[in-house]
Amino acid sequence: QYGYHSDIMPLLGDLEPNIDKYIDKEVLAYLDKSVLDSYELTRKNGMKFYYALPFPLFPIQNQTVLQKLKPELFIDGKRPNLDNPFWGEYLQKVVRHLYKKMPEMAGIQLWFAEGAGQLYAFSDEDLAKLNVSMPSILKSFDKVCKELKITPIVFAHNYLHTNATRQKLH
């Protein structure tokens, strides 16, 4: 599993046209090679390969950069608006992009967790309204995984979750 602890998301450096100046191409090349080497090694040894993605995701896991490139995605200029349809649509775009590069991967593991990715840490307020934002994101994820015939896995964990926020989500 790769991708969820990097400032740059492996294999996604060519997804957005305006991010070249924000990417360390040497680091990205190293990360891309590491992921593809792992992918090939698992295939050669008869194992399944799953790619781990943080959420919210963007090729560069830097909130300041994302705010410059897509300010419309933020509430009060700080928190991503998780209700924005962009996130589900973009998730599908990312999964399709990764699938083109690794057509025999078994699936994608989507991480909703603190410390997963560097873009944004969920706040109490975000967790309290996951029942509003999460269904459309998960439907988009499920839809693209079915389309590509890969396994969707969701890892949802946060130390701020309470019994009340969990019950709302379920």
Side-chain angles (χ1 to χ4, degrees), residues 1-66 69-70 73 80 82 86-122 126 130 133-161 169:
Q1 298 174 0
Y2 285 88
Y4 59 93
H5 286 299
S6 304
D7 288 336
I8 303 170
M9 293 300 298
L11 303 178
L12 298 181
D14 58 346
L15 189 61
E16 289 293 319
N18 300 325
I19 62 172
D20 284 356
K21 62 184 171 187
Y22 302 106
I23 292 178
D24 182 329
K25 295 202 186 339
E26 208 172 293
V27 170
L28 181 61
Y30 170 79
L31 293 171
D32 287 356
K33 183 180 180 329
S34 294
V35 172
L36 293 174
D37 286 351
S38 296
Y39 170 70
E40 289 301 325
L41 187 62
T42 58
R43 288 183 49 226
K44 287 179 185 174
N45 287 285
M47 297 167 32
K48 294 180 179 181
F49 183 86
Y50 294 85
Y51 190 96
L53 282 176
F55 189 88
L57 64 135
F58 199 70
I60 295 178
Q61 290 288 288
N62 180 310
Q63 186 171 340
T64 304
V65 171
L66 182 56
L69 296 174
K70 297 193 180 292
L73 296 178
L82 299 177
F86 167 86
W87 296 111
E89 294 164 8
Y90 199 73
L91 177 57
Q92 289 183 343
K93 181 179 175 179
V94 167
V95 172
R96 287 185 190 106
H97 188 78
L98 291 169
Y99 186 79
K100 285 179 186 173
K101 295 183 179 201
M102 299 178 293
E104 293 180 39
M105 73 173 158
I108 300 273
Q109 186 179 46
L110 189 60
W111 282 56
F112 296 90
E114 75 284 339
Q118 310 300 318
L119 188 59
Y120 178 69
F122 291 106
D126 297 322
L130 280 179
S133 56
M134 195 65 72
S136 65
I137 293 166
L138 293 178
K139 284 177 187 171
S140 294
F141 183 51
D142 184 55
K143 181 179 176 183
V144 72
C145 288
K146 282 180 180 173
E147 168 193 318
L148 301 173
K149 296 179 176 68
I150 60 175
T151 302
I153 299 171
V154 175
F155 176 74
H157 172 270
N158 195 296
Y159 292 116
L160 299 176
H161 252 316
L169 185 56

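Here the structure is a predicted model, which means the values were calculated and not measured. All heavy atoms count here, side chains included; hydrogens, waters and symmetry mates do not.
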Quiz item: CD/E16 to CG/L66 distance, rounded to the nearest 0.5 angstrom?
Solution: 9.0 Å
Quiz item: Where do Y39 and M105 come nearest, in terms of heavy atoms and distance?
Solution: CE1-N, 3.6 Å
Exercise. Can you measure from CG (L36) to CG (L41) and round to the nearest 0.5 angstrom?
Key: 12.5 Å
Quiz item: Rounded to the nearest 0.5 Å, how far does CG of L28 lie from CD1 of I19?
Solution: 8.5 Å
Self-check item: Contact summary for E89 and S140, nearest pair of heavy atoms
Solution: N-OG, 4.5 Å
Would you mind writing out the side-chain donor-acceptor pairs for residues 20-27 within the sub-3.5 Å range, not counting sequence neighbours?
{"residue": "D24", "atom": "OD1", "partner": "E26", "partner atom": "N", "Å": "3.1"}
{"residue": "D24", "atom": "OD1", "partner": "V27", "partner atom": "N", "Å": "3.2"}

Quiz item: Would you call V154 and M134 a side-chain contact if the rule is heavy atoms closer than 4.5 Å?
Solution: no
Quiz prompt | Atom NZ of K143 with >12 non-hydrogen neighbours under 6.0 angstrom | solution = no
Exercise. Measure across L15 and Y90 and return the closest heavy-atom pair with its distance rounded to 0.1 Å.
Key: CD2-OH, 3.4 Å
Quiz item: Parallel, tilted or perpendicular: which fits the ring planes of W111 and F155, with parallel below 30° and perpendicular above 60°?
Solution: tilted
Practice problem: Go through the structure and list residues passing ring pair (Phe, Tyr, Trp, His ring centres under 6.0 Å) with Y30, not counting sequence neighbours. | Solution: none
Exercise. For E147, check salt bridge (Lys or Arg N to Asp or Glu O under 4.0 Å) against everything at least two apart and list the hits.
Key: R96
Exercise. Identify the two heavy atoms, one from A106 and one from K48, that lie closest to each other, and give their separation to 0.1 Å.
Key: CB-CB, 3.7 Å
Quiz item: When rounded to the nearest 0.5 angstrom, what distance separates CG in L110 from CG in L53?
Solution: 6.5 Å
Quiz item: Between I108 and L98, which heavy-atom pair has the shortest distance, and what is it?
Solution: CD1-CD1, 4.0 Å
Quiz item: Which heavy atom of G107 sits nearest a heavy atom of I150, and at what distance?
Solution: CA-CB, 3.9 Å
Practice problem: Could you give me the CA-CA distance, side-chain angles and deciding distance for V94 and M9, then say whether side-chain contact (heavy atoms from CB on, under 4.5 Å) is met? | Solution: CA-CA 10 Å; V94 167; M9 293 300 298; over 6 Å; no
Quiz item: How long is the span from the CD atom in E40 to the CG atom in N45, to the nearest 0.5 Å?
Solution: 11.0 Å
Quiz prompt | Distance (rounded to the nearest 0.5 Å) between L91 CG and I137 CD1 | solution = 8.0 Å
Quiz prompt | Min side-chain heavy-atom separation P80-L73 under 4.5 Å | solution = no
Self-check item: Side chain Y51, main chain V95, donor-acceptor under 3.5 Å
Solution: no
